[in-house]
4 protein chains.
Amino acid sequence: MPPRVTARPPRNQPRQSRSRATFELILDAAVRIFEREGADAATTSRVAEVAGVSVGTLYQYFANRDAILDALQDREFERATQMMQRVLSVAGPASEREVARSVVVELLRLYRAAPALHRILALEGLRVTPPERVLAFDLRVVGIIKNFLLLEPARIRPKQLDTAAFVIYQSVRATMLAYLLESPAGVDDAVLVSELTELIVSYLVER
Amino acid sequence: MPPRVTARPPRNQPRQSRSRATFELILDAAVRIFEREGADAATTSRVAEVAGVSVGTLYQYFANRDAILDALQDREFERATQMMQRVLSVAGPASEREVARSVVVELLRLYRAAPALHRILALEGLRVTPPERVLAFDLRVVGIIKNFLLLEPARIRPKQLDTAAFVIYQSVRATMLAYLLESPAGVDDAVLVSELTELIVSYLVER
Amino acid sequence: MPPRVTARPPRNQPRQSRSRATFELILDAAVRIFEREGADAATTSRVAEVAGVSVGTLYQYFANRDAILDALQDREFERATQMMQRVLSVAGPASEREVARSVVVELLRLYRAAPALHRILALEGLRVTPPERVLAFDLRVVGIIKNFLLLEPARIRPKQLDTAAFVIYQSVRATMLAYLLESPAGVDDAVLVSELTELIVSYLVER
Amino acid sequence: MPPRVTARPPRNQPRQSRSRATFELILDAAVRIFEREGADAATTSRVAEVAGVSVGTLYQYFANRDAILDALQDREFERATQMMQRVLSVAGPASEREVARSVVVELLRLYRAAPALHRILALEGLRVTPPERVLAFDLRVVGIIKNFLLLEPARIRPKQLDTAAFVIYQSVRATMLAYLLESPAGVDDAVLVSELTELIVSYLVER
DNA sequence: AATGAATGAGAATTCATTCAT
DNA sequence: AATGAATGAATTCTCATTCAT
């Protein structure tokens, strides 16, 4: 059995494969409910039911309800970081605009897989995830952006890269989420991607 | 007695002064709780208690719990719109950058008064407020931004002003709220204001 | 102002015409709500509203909610008694069957005017009306039936007329109520009236 | 766990013995409260309390308050049907009067166990129980009466047996309940039984 | 380890009744 | 007398969590 996940760490993820599988099963069940039945439907019993385990078992893996959200936050952090690393490392000789566009496209893919989840994480994440972990994630994002931009430092506008990364991350995330959740008239994927790309490039890169 | 506010219309705001006062008292209580105790603490009983009225009275003014959030949404819509109108009308011969900066500054003032509330509104607003009212607000914001930018149409970059307004509104709002709620290291009001101003100008105005 | 009606007597009805009118207005409002909106809708506020007076005024006439039901019980008792007296006194040289039929017809008219009310009276009447008043009504009914039957005592079957009157009153009332509320298939007014007439005659009159 | 009883179907009764016991425990508690404290006292909390379980458990067995009444209706339907079947099947070479008397006696026994409950069922039953189930019961009663009377069809008076069954069932039921709940002077069990027997026989059987 | 019945605190909401105006 | 805003006890129902099996 993996160590029980408390909202505040005991940090390590479960390692044994059987446990790990159940752990992921529960997270996936929660996500499925968020997306299909709404946040209110995600009671612990319902999550257990959809995961195909008993409530008792659920509580073997998660100290309490919030711990599920916390683990989901973590998983999304992880996915986003890996995605960025992958995209940026592959970049090669591409222009900033092309790289930025790729990140936007991949992030949209990530969010579209579970927009309701991401709304809930935005809404509840801060309450549920210890600030130091949010910070840790932020730092990784900043680091990755830095890494990318510093390749040609001459062309980067902002003095405070940390702040800029913060601004651009919040902007892209919120716009994407609002787009997925509100379906504003006259915006489609193509428009969104190009506008967000423009937002990033025009803000980050020296004109 | 003002007409009870339902989540879906009965639209008109209360008019008599005593009633109006109680109405606002309840809204203010809700905001205070959001800020100090978190969204979950804002039970109808607690709101009534903090407002210094009985639950019964609260329900005389609001059809249900969500109607409170709905009324808050409305109030903030109103405040934001008035602020923008004020700032932009006063603008006179200022540069785009100066006007943008003023809007950012004023919006920061508005949000700082109740950041938790604004995060809830940003993420829950759609659930409680009828989409047509959210849309009406969006259109007003877009209209105001348009009005401003069209003064010198040659210099505006985006083709689709509606989309641009959507993107920039979401971006500024989310960044500001994240700043207020997460207090990221190395960012202060001055930095935030200038970065957001830069974000707006570099995105909206032809380079 | 008429003396306030308590669930337990202060017995006398209001006498002044204005008061009396308001009193009846409130009773009628209650009945209208029972019939059109169901028993649950008959809150004191709604009754006052439909009656066109304020709750405060309602409480000037009725000590509490139950007092309204009590007064309605009384009014129906009165109407039923008067109806029976009228029908039986007019009887003249009619056969028992004809008289019984008339009573059934008139009672059906009375119940049909407010079936929901009569259901509620059957359900709540005993709780709300002091037993001595229920008894008093019963005695009047028995008296009337006696009066009628004693004209030709030879033909009456039962030894205990009180018991018989009780049995027949309960039977007719319940059947009529069930008919009006359940609309059982295959029964219409004509069938009901003739079957109830048959029930009365075959039970009461010596074969 | 037995399937939760909804006012509208999930029809099947609980089967496992422990569950079944709890289920019955709750029903019995409700009955006890109806009889001793009145219908209004039968709040879900009070029922749970008297049953010696928590409210939560009560709601594990009953979808809502009305479902309790619905289940009681069902149980009484069952008991009444079984009783009639038993009595009528045993009948043998008895006269109609003797059979009718037996039914009355047994019904009185049934009702005396819980007269308040039976009044509530008589008057509220339709509200909580789906009409098709009420109908199903009615049909069984009619069938049983038919069965009995058709032994010697020549002697049955009514043309419409369904209507007659409806009339006689309502009459006997109401009279019996009024007797149990109002204890009218001068009536005792013996008198009641013989009068109701007379009512049945004189109404149903050709004179 | 897994199960799921039982728990009970706590939430939203209603409505009879009062009383200051 | 009449008004109707305010009160708050009481009700239904939910759901995170526990623990005996």
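Lettering follows sequence order; numbering is per chain, from 1.
Across all strands shown, F/dA20 pairs with E/dT3; the Watson-Crick or G-U wobble distances both stay below 3.5 Å.
For the residue pair C/Ser54 / C/Thr57, a side-chain donor-acceptor distance below 3.5 Å is found, with atom types taken as modelled.
Rounded to a whole Å, the CZ atom of B/Phe62 is 12 Å from the P atom of F/dA6. When rounded to the nearest whole Å, the span between CG of A/Leu58 and C1' of E/dT3 equals 13 Å. Straight-line distance from the CD1 atom of C/Ile68 to the P atom of E/dA16: 9 Å, rounded to whole Å.
Put simply, D/Thr57 has no side-chain N or O that comes within less than 4.0 Å of OP1 or OP2 on E/dA5. Residue C/Ser54 has a polar side-chain atom (N or O) positioned under 4.0 Å from OP1 or OP2 of F/dT3. The phosphate of E/dC15 has neither OP1 nor OP2 within less than 4.0 Å of any side-chain N or O from C/Ser45. At E/dA6, one or more side-chain N or O atoms of D/Tyr61 fall inside 4.0 Å of OP1 or OP2 (strictly under the cut-off).
Of the candidate nucleotides E/dT17, F/dT18, F/dT12, E/dT17 has the atom nearest to the side chain of C/Arg65. Each of E/dA2, E/dA6, F/dA2 was ranked by its minimum atom distance to the side chain of D/Gln60; first place goes to E/dA6.
Ion pairing between C/Arg119 and D/Glu124 holds under the 4.0 Å rule for side-chain N and carboxylate O. Checked for salt-bridge contact, A/Asp70 and A/Arg75 miss the test: no charged N lies under 4.0 Å from a carboxylate O.
Each of D/Val53 and B/Ala42 was assigned the nucleotide of DNA chain E with the nearest heavy atom; the assignment lying further toward the 5' end belongs to D/Val53. Where B/Val55 and C/Gly52 meet DNA chain F, the nucleotide closest to each residue was compared, and C/Gly52 sits on the side nearer the 5' end.
Side-chain N or O atoms of A/Arg65 include one that pairs as donor or acceptor with a backbone N or O of A/Ala42 at under 3.5 Å.
A/Thr43 comes within 4.0 angstrom of sugar-phosphate atoms only, judged by non-hydrogen atoms across all strands, and of no base.
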